[in-house]
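Labels below follow one simple rule: chain letters A, B, ... track the order of the sequence lines, proteins then strands, and each chain is numbered from 1.
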2 protein chains.
Amino acid sequence: MDAKQKFEQFVASEGLRRTGQRTKVLDVFLATERHVTVQELHDLVRKKHKGIGYATVARTVKLICESGLCRQVDFGDGALRYEHKYDHEHHDHLICVECGKFEEIYSPKLEKLQHELVRKYDYVQKSHKLDIFGLCPECAKKNAQKTT
Amino acid sequence: MDAKQKFEQFVASEGLRRTGQRTKVLDVFLATERHVTVQELHDLVRKKHKGIGYATVARTVKLICESGLCRQVDFGDGALRYEHKYDHEHHDHLICVECGKFEEIYSPKLEKLQHELVRKYDYVQKSHKLDIFGLCPECAKKNAQKTT
DNA sequence: GGAGTATTTGATAATGATTATCAATAGCAC
DNA sequence: GTGCTATTGATAATCATTATCAAATACTCC
Ligand SMILES: [Mn+2]
Ligand SMILES: [Mn+2]
Ligand SMILES: [Zn+2]
Ligand SMILES: [Zn+2]
């Protein structure tokens, strides 16, 4: 089942309606691999479809999350971002605090350790968010030169 | 050197001025072990010192962070929170999404793994933020009963 | 101690992201 | 097609954070 089918199935199962706006927002979202804010996604949507409002984009991206195709991420820059989740392995982020560039990182060992920790506290794990902030190789080099 | 001394040293070294407001905000902040928002800290401050404004509290808690006594945390509930850093070991958070209760967790293994990952990507690590969301034992129990 | 100066303060406004409102529109069951 | 209800889009409300600015205050130098 592809992403669009999964979304339509979710919409149907929730008793929601199939609308042109929802389809178009989903298409635009699926067509980018960026980690977009609602504002950015709205801008992308309006390039193709003039009439769609900000509120609709905001509401739809939330629906997409609920359907399991999308995940909220927070890089700490003031606005929530959304990224693909379907057909994408879970990962965390390594973010450059200078230029905003980031890497998607994953370590099964790290995930396993987390689960062990959670179990130790008798919690039931739902999700987690690991963001590592630092300097990318380029920015690290620049900074090293500055201090010289 | 205790926390208050460290703050005064920071203020002096930055060429800033020693004011009654800054001292009072710091005192109130040090007197709680909670993870407070600016709003909450302002409320606490005003219980003792009526005249101190929100903006001053917001500015001062930032200063306290810069001085190394305080750390920003984000539990994803809409407002940034601040917690003690001085005389407190680094730790991450395990947060109950139902009731907001949380545990402070720490694993040297986990920290080490992170550093290895960062090195693999040639990044220079500055900080990291790991928040695990789940259900605390009590809320997990309640939820289990509901589904029964 | 007092004058001069730059910082700090607190009330208020500005900003920006998110959420709520509501009349008009459109999907869906019949 | 009709009727009912969800959805939409423009706009306003909300809320945290940041900016503004005149008045108050801390600090330096005498
Ligand atoms: Mn990603
Ligand atoms: Mn903590
Ligand atoms: Zn960079
Ligand atoms: Zn709980």
Side-chain angles (χ1 to χ4, degrees), chain A residues 7-29 35-67 70-83, chain B residues 7-29 35-67 70-83:
Chain A
F7 183 70
E8 301 207 342
Q9 185 179 303
F10 170 79
V11 166
S13 74
E14 295 286 308
L16 305 172
R17 289 178 183 173
R18 226 182 111 156
T19 69
Q21 287 92 332
R22 284 177 177 160
T23 305
K24 286 166 188 163
V25 171
L26 177 63
D27 285 345
V28 172
F29 176 71
H35 296 55
V36 290
T37 62
V38 171
Q39 184 64 68
E40 287 166 358
L41 185 56
H42 185 221
D43 291 344
L44 288 176
V45 167
R46 290 181 73 113
K47 280 188 192 162
K48 289 207 163 187
H49 315 285
K50 268 260 200 67
I52 297 183
Y54 180 95
T56 300
V57 173
R59 288 184 287 232
T60 304
V61 76
K62 264 194 188 168
L63 269 191
I64 301 174
C65 284
E66 288 173 42
S67 79
C70 174
R71 187 166 80 110
Q72 227 181 36
V73 291
D74 183 356
F75 286 178
D77 60 349
L80 296 170
R81 293 177 177 278
Y82 297 88
E83 70 171 330
Chain B
F7 183 69
E8 300 206 343
Q9 185 178 303
F10 170 79
V11 167
S13 74
E14 294 285 309
L16 304 173
R17 289 178 183 173
R18 227 182 110 156
T19 69
Q21 288 92 333
R22 283 177 179 161
T23 304
K24 287 166 188 162
V25 172
L26 178 63
D27 284 346
V28 172
F29 176 70
H35 296 55
V36 292
T37 63
V38 171
Q39 184 65 67
E40 288 166 358
L41 186 56
H42 185 221
D43 291 343
L44 288 177
V45 167
R46 289 180 73 114
K47 279 189 194 163
K48 288 209 165 189
H49 314 285
K50 268 260 201 67
I52 297 182
Y54 180 96
T56 300
V57 173
R59 287 184 289 231
T60 304
V61 76
K62 265 196 187 164
L63 268 190
I64 301 175
C65 283
E66 288 173 42
S67 79
C70 174
R71 187 167 80 111
Q72 228 182 34
V73 291
D74 182 356
F75 287 178
D77 60 349
L80 297 170
R81 292 176 177 277
Y82 296 88
E83 69 171 330

Rounded to the nearest 0.5 Å, how far apart are [atom1] of [X] and [atom2] of [Y]?
{"X": "Thr60(B)", "Y": "Leu41(B)", "atom1": "OG1", "atom2": "CG", "value": "9.0 Å"}
{"X": "Glu83(A)", "Y": "Cys70(A)", "atom1": "CD", "atom2": "SG", "value": "8.0 Å"}
{"X": "Tyr82(B)", "Y": "His35(B)", "atom1": "OH", "atom2": "NE2", "value": "13.5 Å"}
{"X": "Lys62(A)", "Y": "Ile64(A)", "atom1": "NZ", "atom2": "CD1", "value": "13.0 Å"}
{"X": "Leu44(A)", "Y": "Phe29(A)", "atom1": "CG", "atom2": "CZ", "value": "11.0 Å"}
{"X": "Tyr54(B)", "Y": "Arg59(B)", "atom1": "OH", "atom2": "CZ", "value": "11.5 Å"}

- Does anything in residues 15-29 of chain A pair up under side-chain hydrogen bond (donor to acceptor under 3.5 Å, both in side chains), and if so which pairs, sequence neighbours excluded?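 Every pair satisfying side-chain hydrogen bond (donor to acceptor under 3.5 Å, both in side chains) with a residue in residues 15-29 of chain A: Lys4(A)-Asp27(A), Glu8(A)-Arg18(A).
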Starting at [atom1] of [X] and ending at [atom2] of [N], how long is that distance when rounded to a whole Å?
{"X": "Asp77(A)", "N": "dG16(C)", "atom1": "CG", "atom2": "P", "answer": "14 Å"}
{"X": "Ile52(A)", "N": "dA26(C)", "atom1": "CD1", "atom2": "C1'", "answer": "14 Å"}
{"X": "Arg59(B)", "N": "dT7(C)", "atom1": "CZ", "atom2": "C1'", "answer": "11 Å"}

- Message: Which is more 5' along DNA chain D, the nucleotide nearest Val38(B) or the one nearest Tyr54(A)? Just name the residue.
- Response: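 In this pair, the answer is Tyr54(A).
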- Query: How do Arg81(B) and Gly15(A) order along DNA chain D: which one's closest nucleotide is nearer the 5' end?
  - Reply: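 Mapping each residue to its closest nucleotide by heavy atoms, the 5'-most match is Gly15(A).
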- dT5(C), dG10(C), dC28(C): which one has an atom nearest the side-chain heavy atoms of Arg18(A)?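 The answer is dC28(C), which lies nearest to the side chain.
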- Query: Which heavy atom in Val38(A) sits nearest to a heavy atom in Val57(A), and how many Å separate them?
  - Reply: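 What the structure gives for the nearest pair is O-CG1, 4.1 Å.
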Is the shortest side-chain N/O distance from [X] to OP1 or OP2 of [N] below 4.0 Å?
{"X": "Lys62(A)", "N": "dT18(C)", "value": "no"}
{"X": "Thr56(B)", "N": "dG10(C)", "value": "yes"}
{"X": "Gln21(B)", "N": "dT8(C)", "value": "no"}
{"X": "Arg22(B)", "N": "dT9(C)", "value": "yes"}

- Query: What does Gly20(A) touch in the nucleic acid at a heavy-atom separation under 4.0 angstrom: a base, only the sugar-phosphate, or nothing?
  - Reply: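 The answer is nothing, as Gly20(A) stays clear of every strand by at least 4.0 Å.
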- Item | Pair Lys48(A)-Ile52(A), side chain to side chain contact (heavy atoms under 4.5 Å, CB included): steps then yes or no | CA-CA 10 Å; Lys48(A) 289 207 163 187; Ile52(A) 297 183; over 6 Å; no
- Contiguous pairing runs of three or more, Watson-Crick or G-U under 3.5 Å, that involve DNA chain D: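 Looking at DNA chain D, the stems formed by three or more consecutive pairs are C:1-30 with D:1-30.
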- Message: On DNA chain C, does the nearest nucleotide to Val11(B) precede the nearest nucleotide to Arg46(B) from the 5' side, or the other way round? Give the residue.
- Response: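 Mapping each residue to its closest nucleotide by heavy atoms, the 5'-most match is Val11(B).
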- Item | Heavy-atom contact window of chain B on DNA chain D, given 5' to 3' at under 4.0 Å |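 It runs dA16(D) to dC27(D).
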- Query: Any N or O donor-acceptor pair linking the side chain of Arg17(A) to the base of dA26(C) at under 3.5 Å?
  - Reply: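 In this structure, the two groups form no donor-acceptor pair.
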